[in-house]
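These notes are about the structure you will find just below.
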2 protein chains.
Amino acid sequence: MATSSPFNYNSLYSQLSVPVVRGENRHAKYDFAVAYPDPETLPLEGLADSLKVALEREGKDLALYPVAAGLPALREWVAEKLARDRNMNVGVDDIVLTSGSGEAISMLIAALTDPGDVLLTEEYVYLGTLRAMRRFGADVRSVKCDDEGLIPEDLESTLATVAAEGKKVKFLYTIPAFQNPLGWTMSLERRVKTLEITGKYGVPVLEDDCYVDLRFEGEDVTSMHSMDDSGRVLYVGSFSKIVAPGVRLGYMVAPQEVIQRAMSFKGGGGVNQFAALAVQEFAKDSMYSHIQEQNDSLRVKRDAMLAALGENFGDAAQWSKPEGGLYVWLEMPEDIDLAAFQEQSFNEGVGYYNGTMFSPEGRGANCARLCFGHPTAETVSEGVAEMARIFERHGVLKG
Amino acid sequence: MATSSPFNYNSLYSQLSVPVVRGENRHAKYDFAVAYPDPETLPLEGLADSLKVALEREGKDLALYPVAAGLPALREWVAEKLARDRNMNVGVDDIVLTSGSGEAISMLIAALTDPGDVLLTEEYVYLGTLRAMRRFGADVRSVKCDDEGLIPEDLESTLATVAAEGKKVKFLYTIPAFQNPLGWTMSLERRVKTLEITGKYGVPVLEDDCYVDLRFEGEDVTSMHSMDDSGRVLYVGSFSKIVAPGVRLGYMVAPQEVIQRAMSFKGGGGVNQFAALAVQEFAKDSMYSHIQEQNDSLRVKRDAMLAALGENFGDAAQWSKPEGGLYVWLEMPEDIDLAAFQEQSFNEGVGYYNGTMFSPEGRGANCARLCFGHPTAETVSEGVAEMARIFERHGVLKG
């Protein structure tokens with residue numbers, strides 16, 4: 001077995017390499033921690049049938065190495081979708097398919113970040129992005145938010161501070177729709193302001209729109225990408241949330257020169273052709289009806305979570321009321337430490353991720369992200385009630 | 001359109017980023033250039049059916065993000081395969097599934113290479129590996145080969161030269177079975193010598209065994225990995241050649257600590273679960289019979305190519321006689337420049353890759369790699385005859 005190696009590699013590792021130790025994914029009985037969609041609404045049959053059709057038609061192309069930017073027909077579908085849903089006017093060549101939006105984000109971070117460079121994020125930010133930013137040695141700083149999104153005054157003063165330090169902000173990363181983990185959607189006014197202020201400082205914006213299709217209430221707000229015509233807004237999207245995480249398909253939209261730089265960090269060649277063929281065939285006729293169905297299911301679960309929080313936490317906590325997406329943000333009183341309690345809660349059957357995990361500065365121990373995507377509505381209700389009982393038992397929630 | 005960007009990114013790119021400009025893949029009428037298998041022998045129906053079965057059984061797991069190392073059941077199958085075929089005693093945790101073996105190779109290069117580090121390869125080497133080594137700023141040096149593999153004396157003197165320069169060789173990369181582009185398989189004796197000599201200098205070996213299953217003649221030679229018990233041999237394999245390149249599935253086998261370092265360069269999360277499920281289900285019952293069928297077809301094509309070379313090139317050139325794999329290495333007289341002639345030949349209907357593309361030092365302009373995997377046997381014969389006619393017309397081949 002190669003597991004324990006008597007050969008000593010220590011003097012051979014590159015400076016950029018850091019050991020990544022990841023356990024197997026763990027799931028509590030009531031799992032509000034890991035963010036994934038409802039297995040019952042996965043379009044499994046549709047995907048299997050679509051793959052069969054696609055392979056019969058053009059499966060022989062599997063013998064070829066996929067083009068580096070990924071299956072052209074799927075990029076075409078993405079271009080049409082972005083025009084239809086996000087007011088974006090982009091062509092097939094402006095799009096690169098990636099292994100989930102995570103790969104797109106990593107590639108863009110790698111293309112734009114040297115160790116010590118400043119990157120800005122929202123007050124709390126998607127774990128995977130935060131991890132990738134740190135892997136490239138970024139100095140990650142966060143901008144305060146309220147329930148309309150980034151607070152312009154704080155964005156401005158953060159940019160001014162960095163400039164005063166003689167440093168350059170490489171880009172601002174934002175999830176403007178159904179923010180992960182906060183749940184809000186950035187208002188149109190805030191989007192305008194955010195573009196104005198970052199523009200003043202010559203700072204690009206990386207718009208991560210991976211949840212935007214999961215709206216089950218309210219009106220869409222147009223993409224930030226569509227509000228800029230200078231190429232300063234980079235954009236990523238994903239099929240993880242509207243098809244399944246396991247298909248590992250996402251995309252980036254960027255100016256040609258940025259794509260060329262980002263491509264130097266794409267490992268493994270063009271995106272999985274097998275998955276791309278299935279999803280493209282499926283998307284053609286069934287994507288929008290599938291999204292509709294999925295959102296109907298998510299709405300019921302969100303309602304169940306909000307109702308259960310009201311019943312079980314009452315005035316003892318606050319929480320967000322998202323119009324879409326997968327997350328409710330729970331805020332307990334300042335003196336409550338949900339970070340310290342997380343493992344205990346998991347062991348007693350309820351999983352959540354505490355706020356410090358999402359904060360560049362390690363703040364938010366009194367907060368938690370609750371994901372309502374995966375369990376049934378009934379399980380959501382039961383789980384929140386169980387969480388309240390566990391919290392009470394240990395004095396985290398004062399009964 | 002974002003294509004031409006008035007916003008100026010020039011001051012923002014990271015030092016490691018380089019623009020990668022890749023055209024669409026081009027194919028000549030007779031394409032001996034690009035290395036891909038026969039579309040007629042792809043197990044398309046098997047894969048589509050396997051996926052359906054797998055999705056019915058465990059498709060709900062697609063809702064989960066795959067574990068970082070990839071589908072455990074497929075890693076189990078790989079461990080069994082390596083025990084059965086390559087005398088390797090490795091466990092599921094010693095294996096990481098990757099997006100083709102290309103991603104595995106890139107991750108290992110990234111984990112072990114700082115700019116300026118010396119990496120060794122065979123005299124001619126797989127393009128993708130050479131490109132990735134250069135991307136990380138490696139000082140790539142090649143070791144002379146004959147038709148049994150690396151020449152021990154040259155390996156020894158190269159290592160001594162590097163040591164005398166006060167530099168460290170980070171690893172030796174080798175494709176010991178059906179080498180790309182040379183076609184030979186390294187003999188057992190050479191494998192022993194190669195391990196001995198690199199061992200003396202404390203240099204790891206990266207064994208790329210991606211063609212090993214494509215043997216249609218002769219006896220297997222055991223893996224270098226199986227001949228070492230110190231963890232000094234890293235190993236990569238691939239499903240691209242035995243299933244299809246489009247499934248983008250490969251793997252690495254390495255000591256835990258090396259895996260942990262390499263994982264810091266894995267973008268996009270665990271490998272495509274969709275493809276992994278299909279391949280695992282397919283592999284269980286059908287992989288070996290499929291490989292047999294594919295090799296029967298490859299043998300006929302190789303025979304066609306060797307016969308056509310004999311008929312059309314006679315004494316005017318030399319070429320390898322591979323016992324497996326996808327490549328014949330053609331060597332013309334020293335004064336012939338197949339590098340300069342490559343584009344002309346492509347335009348007139350015959351594609352090949354000239355030797356300089358595979359040489360770290362840019363040597364081998366009189367050589368070319370001819371891939372016989374994709375065309376039918378009949379097309380192989382026609383194509384070689386056409387190549388000879390084109391060569392004659394332009395004085396490259398003296399009739």
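Computation of the quantities below employed the complete heavy-atom set of this structure, encompassing side-chain atoms and omitting hydrogens, waters and symmetry-equivalent molecules. Throughout, a chain's letter reflects where its sequence line sits, starting with A, and its residues are numbered from 1. The structure displayed is predicted, hence computed values, not measured ones.
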Residue pair B:G231 / A:F7: nearest heavy atoms and the distance that separates them: C-CB, 4.2 Å
For each of A:G250, A:A132, A:S240, A:G246, tally heavy-atom pairs with chain B at distances under 4.5 Å, and name the one with the top tally. A:G246
Pair count under 4.5 Å, heavy atoms only, with chain B: among A:G373, A:G202, A:A111, highest is A:A111
May I ask you to decide if A:P204's main-chain N or O and B:Y9's side chain share a donor-acceptor pair within less than 3.5 Å? no
Residue pair A:Y13, B:D114: steps toward the side-chain contact (heavy atoms from CB on, under 4.5 Å) verdict: CA-CA 8 Å; A:Y13 294 123; B:D114 285 313; over 6 Å; no
Part of A:A275 lying under 4.5 Å from any heavy atom of chain B: both
Which one wins on heavy-atom pair count under 4.5 Å against chain A: B:G199, B:P245, B:A276? B:P245
Can you tell me how far the OG atom of B:S11 sits from the NZ atom of A:K170, to the nearest 0.5 Å? 7.5 Å
Okay, B:K52 and chain A: the region with an atom under 4.5 Å from a heavy atom over there is both
Within this structure, what is the CD-CG distance for the pair B:Q273 and A:N272, rounded to the nearest 0.5 Å? 11.5 Å
Give, as side chain, backbone, both or neither, the part of B:L51 having an atom under 4.5 angstrom from any heavy atom of chain A. side chain
Between B:S14 (side chain) and A:A110 (backbone), is there a donor-acceptor pair under 3.5 Å? yes
Pairwise distance NZ(B:K266) to OG(A:S106) - rounded to 0.5 angstrom: 10.5 Å
Turns out that what part of A:A104 lies under 4.5 Å from chain B's heavy atoms comes down to neither
Which of B:G128, B:A262, B:A244, B:P19 touches chain A most, by non-hydrogen pairs under 4.5 Å: B:P19
Which donor-acceptor pairs under 3.5 Å do the side chains of residues 40-48 of chain A make with protein atoms, sequence neighbours left out?
unit_1 : atom_1 : unit_2 : atom_2 : d
A:E40  : OE2    : B:K60  : NZ     : 3.4
A:T41  : OG1    : A:D38  : O      : 3.1

Can a donor-acceptor pair be found, under 3.5 Å and without considering hydrogens, that links the side chain of A:R261 to the backbone of B:S17? yes
Side chain, backbone, both or neither: which part of B:T113 has a heavy atom under 4.5 Å from chain A? backbone
